[in-house]
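Letters go in sequence order (proteins before strands), and every chain restarts at 1.
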Amino acid sequence: MLSKIVREKAVEAIESVYGIRFTARDFQVNPTKPEFEGDYTIVLFSLVKQLNTSPDQLGNALGAKMIADDPVFFESFNIIKGFLNFTIKPAFLIDMLNRHYQDPCFGKAPMNGKKIMVEYSSPNTNKPLHLGHLRNNFLGRSIAEILKANGYDVLKTCIVNDRGIHICKSMIAWSRYGNQSTPTSTGTKGDHFVGDFYVKFNDAYKLEVEGLVAKGMDKATAEKEAPIMLEAQQMLFDWENGKPEVIELWKTMNLWVYEGFDTTYKRIGSDFAKTYYESETYLLGKDTIELGIRKGVFFRKEDGSVWIDLTAEGLDEKLVLRKDGTSVYITQDIGLAQKKYDEFGMDQSIYVIGDEQNYHMKVLQLICKKLGLPYADGIHHLSYGMVELPTGKMKSREGTVVDADDLVDEMISISRKHTQNLGKVNDFSEAELDELYNTIGLGALKYFLLRVDPKKKMIFNPEESIDFHGFTGPFVQYTHARIRSVLKKSIIDSGLKDYKLPLLKGEKDLLLLAEQYEVILKQAADGLDPSAIATYLFQLAQTFNSFYAALSINNAENEEKKQLRLKISSLVATIIASGMEMLGIKVPEKM
RNA sequence: GGCCCCGUAGCUCAAUUGAAUAGAGCAUUUGACUACGGAUCAAAAGGUUUCAGGUUUGAAUCCUGACGGGGUCACCA
């Protein structure tokens, strides 16, 4: 961690020269901009004021002192307009290179004894997964990997919304229009099969409402009185009362969906240590509500419904239990939070949920805090933005949803086309080719969704397919394959112990960049932000490709340079493989 | 309407969380394979960071206001 080392050395130097102890946060240390000479820069302005001196005076005093104290670490310094730039001696970088050039654990932290739960995916069992779910799945999976690399004991969980009125809608539609067909009998993937009936329900519902309105009923009443809707509500009632044929149908249809989800999850690489089903947890939380009433956190209105008053916190009054005693969404979440904590006792719990639920999650955490629950502070909502089309939000009712399976298929088929055009893997078997197409197609898709800041909504244009050139997954994968190919042509010996030649720009750039990997990993974990890694890996790959074009590796000027560049290449490939793994993306040896 | 989020090149995104001349990719134009992989590299062009004020040595970043876009305010989940 060069920036940290420079910072610490600066703190010491200031103390010994001026007798004042600063903390590391009082001033900034950045990598030096390429147009200036140096590797790391101390920004002097914030110090000047408190030390009552000029930037030049401070810079000279600090620079001289730091070089005198650490002549083996710092080579030189210069001051430009309040910026103190240091050049680092190669020895530090060479030492790092020797230790880590093929170390898969480079940059990762040792176990810290903390347990984190990451809940993600959380699908409904009434329709297939779409592009928004993909962002959720990739984010959740990636965050889990990043936290693991930072020393946490990570537990991936998923809550399946397998119950409720929306599920009954598919069931009603199938009863009415299904004619006993099944995914097998129609050759349809189970989740799509059920999803189609969900659409059928909405079509039929719309027609019935229109019919009632035509007969003179007002729209709001018609929406409540449409026979198909009443049927669905009756079915939900029957389900809750355990009516055998309803439960039977529900089980059958859910099974179809799970088979479909399973296939998709396997393809995209989502897995969970524990899956919760809402049908098994929706009654939880009621006793917590009772506890809250006793504690005075909640209050009961005359009609029997239970509420919490959050107006003091700038929010509203929020219902936590219906007047008939049944639970609402938040009641279940309160219960599930408790259950998870009872089962796993984690220090933190991360919910990967879209930003349309910001308010809900705020309320959830606030309630847990007011109840004095031990896990309240550990709740963290990883709120991500919607994936939108150029025309706006995706809407299932308007058929403007980008289906996950379709998109994955398309990505794989594009990667097949590209690969075949290039014709570099003619020695691959059919099975190897299929795996390669998968690796590249999914790599492009995952990288596309993970390279932007999770908090921001992003736009996906289905008209233009996802790119395979430039700032993309395949670019990074290509760089890895290229390095592996070069490395196969030579042997790395154990030399370089006393490397004395100066480092060329391309060589030093890569070493400095590689050195930052550890900091990037930490940043990604602290900010729950995989895009930090995606951006970094692209920069690393790009820097390598420039280096590759400018300097020969296997035909270097001498053996020492050759070994240096082989090791640098190996380090870069190691970091790419490690970083891509955190994004859930595989890297091929050849492509 | 209340509350929350967002507005950066033609398009999609960055900017080390307040620092030096705001960076990439795509698209456009030009150049580079008998040196290790051209899914690459080198270069050109593209910006009043929505607008108007303010704080600061320093603002895309912080504050105020306007304009534009989105989310949310269910006894739905």
Rounding to a whole Å, what distance do you find between Met394(A):CE and G70(B):C1'? 15 Å

For U40(B) and His469(A) - does any side-chain N or O of the residue sit under 4.0 Å from the phosphate oxygens OP1/OP2? yes

Presence of donor-acceptor pair under 3.5 Å, side chain of Asn545(A) and base of A39(B): no

Is it true that Glu507(A) and Lys561(A) make a salt bridge, defined as a side-chain N closer than 4.0 Å to a carboxylate O? yes

Which stems does RNA chain B form, counting runs of 3 or more consecutive Watson-Crick or G-U wobble pairs with both distances under 3.5 Å? B:1-7 with B:67-73, B:10-13 with B:23-26, B:28-32 with B:40-44, B:50-54 with B:62-66

Does a side-chain N or O from Arg322(A) land closer than 4.0 Å to OP1 or OP2 of C76(B), or not? yes

Touch class at under 4.0 angstrom, heavy-atom based, for Thr419(A) against every strand present: base

If the threshold is 4.0 Å, N to carboxylate O, is there a salt bridge linking Lys393(A) and Glu388(A)? no

Please determine whether a side-chain nitrogen of the Lys or Arg among Glu280(A) and Lys339(A) lies less than 4.0 Å from a carboxylate oxygen of the Asp or Glu. no

State whether Asp303(A) and Lys301(A) are salt-bridged, where the test is any N-O pair (Lys NZ or Arg NE/NH1/NH2 against Asp/Glu carboxylate O) under 4.0 Å. no

Between protein and nucleotides 1-17 of chain B, map the contacts as a letter string: B base, S sugar-phosphate only, - none, heavy atoms under 4.0 Å, written 5' to 3'. -----------BSS-B-

Donor/acceptor link under 3.5 angstrom from Thr41(A) side chain onto base of A20(B): yes

Is any side-chain nitrogen or oxygen of Lys489(A) closer than 4.0 Å to OP1 or OP2 of G37(B)? yes

Mind telling me if U55(B) is syn or anti? Syn here is a glycosidic angle within 90° of 0. anti

Does the pair Lys4(A)/Glu518(A) count as a salt bridge with the N-to-O cut at 4.0 Å? no

Any ion pair linking Glu313(A) and Lys362(A) (charged N to carboxylate O, less than 4.0 Å)? no

Report yes if the ring of Phe468(A) lies under 5.5 Å from the six-membered base ring of A39(B) with planes under 30°, and no otherwise. no

Checking all strands, does Ile353(A) fall into the base, sugar-phosphate, or nothing category for heavy-atom contacts under 4.0 angstrom? nothing

What integer distance in Å separates Tyr198(A):OH from A77(B):P? 13 Å

Would you call the rings of His133(A) and His130(A) parallel, tilted or perpendicular, taking 30° and 60° as the class edges? tilted

note: Leu319(A), atom CG; C76(B), atom C1'; distance rounded to Å ~ 12 Å

For the C1' atoms, the ones on G23(B) and on G46(B), what distance do you get once it is rounded to whole angstrom? 13 Å

Aromatic ring pairing His360(A)/Tyr329(A), orientation class (parallel under 30°, perpendicular over 60°, tilted between): parallel

5'-most contact on RNA chain B (nearest-nucleotide basis), Phe83(A) vs His418(A), goes to Phe83(A)

Report which part of the nucleic acid Gln477(A) touches: base, sugar-phosphate, or nothing (heavy-atom distance under 4.0 Å, all strands). nothing

Base of G37(B) and ring of Tyr478(A) stacked, centres under 5.5 Å, planes under 30°: no

For Phe45(A) and A19(B), is the gap between ring centres under 5.5 Å while the planes differ by less than 30°? yes

Nearest nucleotide by nearest heavy atom, which residue falls closer to the 5' end of RNA chain B, Asn555(A) or Glu388(A)? Asn555(A)

